[in-house]
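The structure appears below as structure tokens.
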Amino acid sequence: MNPLLLGPVYTGGVQLGAYALERLGEREREQVLRGCSTNVDNLAAGRWETLLSSAFVVEEPMPLPYALLLLAVLGYAEYAYGAWWTAGVFLLGHAGATLLVYGTLRVRRPGPGTRRAVDVGTSYGFNAVLGALTSALPRGAARHTARAGLLALGLRPVLRRERTFTDAGHLVALGIGVGLSLAADYLSRPNHSKIG
């Protein structure tokens, strides 16, 4: 049996990195955050490496309840489906949501504050894994209710007047995860390959 390492290593690494960032001067800290950010200016300039680096940096240490929830979700996903599946869903959700938000912002032509906003963190990947984990629930009402509930929770902040592009990114990441869960349901049906 393989030990479950992805969740603790990732969560611990991000948290240690956040504590290290706090020890930097304000100017150096801001430079690191902006350099790792998937904001419009960075992506428009071709800094595509930020699609990965932004998932490993947070603006400040994660609150303990969030860090424990991230650890639990990643740990259960790794236990249920394996490390490669978990990492793949996390990165797909993180990059997919980021690119969809970026595309929308490019079309809308936001102001300089939004174009250069710091956009780093674990939340897009976390939301994607959480949405995908709905396929681990029993088939039927429990699974459908969990999917609908998660999407409703993700939609609520988007409907507020003071919403941010990050709120939209969380909803998109959840949608990616739920979509992967629905695809897994379809592929696991015994007659999915039969035509007609």
Side-chain angles (χ1 to χ4, degrees), residues 2-79 81-102 105 110-133 154 157 164-174 176-177:
N2 291 333
L4 302 176
L5 293 175
L6 182 67
V9 167
Y10 175 74
T11 305
V14 169
Q15 195 75 318
L16 287 173
Y19 286 121
L21 267 179
E22 279 192 329
R23 301 184 62 84
L24 295 177
E26 190 173 329
R27 187 174 175 203
E28 292 86 3
R29 181 179 172 276
E30 185 75 12
Q31 191 174 14
V32 169
L33 288 171
R34 293 209 180 274
C36 293
S37 181
T38 51
N39 59 35
V40 174
D41 281 355
N42 277 347
L43 291 176
R47 295 185 194 107
W48 298 105
E49 69 279 1
T50 61
L51 285 172
L52 185 60
S53 65
S54 61
F56 291 91
V57 178
V58 290
E59 292 184 64
E60 56 192 33
M62 296 178 284
L64 184 60
Y66 178 80
L68 291 174
L69 185 59
L70 176 65
L71 184 63
V73 167
L74 294 179
Y76 184 75
E78 187 177 1
Y79 169 77
Y81 297 107
W84 287 109
W85 181 93
T86 304
V89 171
F90 187 96
L91 291 173
L92 179 66
H94 178 78
T98 297
L99 290 172
L100 286 169
V101 168
Y102 164 69
L105 290 175
T114 301
R115 289 185 61 84
R116 291 192 300 268
V118 172
D119 189 17
V120 295
T122 63
S123 59
Y124 289 178
F126 166 78
N127 277 289
V129 173
L130 187 61
L133 274 179
T164 66
F165 66 84
T166 305
D167 296 326
H170 292 153
L171 178 60
V172 169
L174 268 173
I176 289 170

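Nearest approach of A97 to G169, heavy atoms of both residues: CB-O, 3.6 Å. When all heavy atoms of Y102 and V40 are compared, the pair lying nearest together is CE1-O, 3.8 Å. The shortest heavy-atom contact between A55 and F90 is CB-CE2, 4.1 Å. Annotation for E60 and A18: closest pair C-CB, 3.8 Å, computed over non-hydrogen atoms. In this structure, L21 and R29 approach most closely via the heavy-atom pair O-CD, 3.6 Å. For the pair V129 and A77, the tightest heavy-atom approach, listed with the atom from each and the gap, is CG1-CB, 3.7 Å.
Atom-to-atom distance recorded for T38:OG1 and E49:CD is 11.5 Å, nearest 0.5 angstrom. Note that CZ of R47 is 8.5 Å distant from CG of N39, once rounded to the nearest 0.5 Å. Expressed to the nearest 0.5 Å, how far CG of D119 lies from CG of L33 amounts to 11.0 Å. Here the straight-line distance linking atom CG of L24 with atom CD of Q31 works out to 10.0 Å at 0.5 Å rounding. Here the straight-line distance linking atom OG1 of T86 with atom OH of Y79 works out to 13.0 Å at 0.5 Å rounding. For the atom pair L130 CG and S123 OG, the distance stands at 12.0 Å (nearest 0.5 Å).
The closest side-chain heavy-atom distance from H170 to T166 is below 4.5 Å. For the pair S37/T50, no side-chain contact is recorded, criterion being any heavy-atom separation below 4.5 Å from C-beta on. Under the 4.5 Å side-chain criterion, counting only non-hydrogen atoms from C-beta, L99 is in contact with L51. Counting only heavy atoms from C-beta outward, the side chains of L74 and L6 never approach each other to under 4.5 Å. Considering only heavy atoms from C-beta on, V14 stays 4.5 Å or farther from L70 through its side chain. Looking only at side-chain heavy atoms (C-beta outward), I176 and Y124 stay at 4.5 Å or farther from each other.
Between the side chain of Q15 and the backbone N or O of M62 there is at least one donor-acceptor pair closer than 3.5 Å.
Side-chain polar atoms of T122 and Y66 form a donor-acceptor pair below 3.5 angstrom.
Scored by the ring pair (Phe, Tyr, Trp, His ring centres under 6.0 Å) test, W85 finds Y81 as partners (sequence neighbours excluded). Every salt bridge (Lys or Arg N to Asp or Glu O under 4.0 Å) that E30 has, sequence neighbours left out, goes to R34. Qualifying side-chain hydrogen bond (donor to acceptor under 3.5 Å, both in side chains) partners for N127, counting only residues two or more places apart in sequence or in other chains: none.
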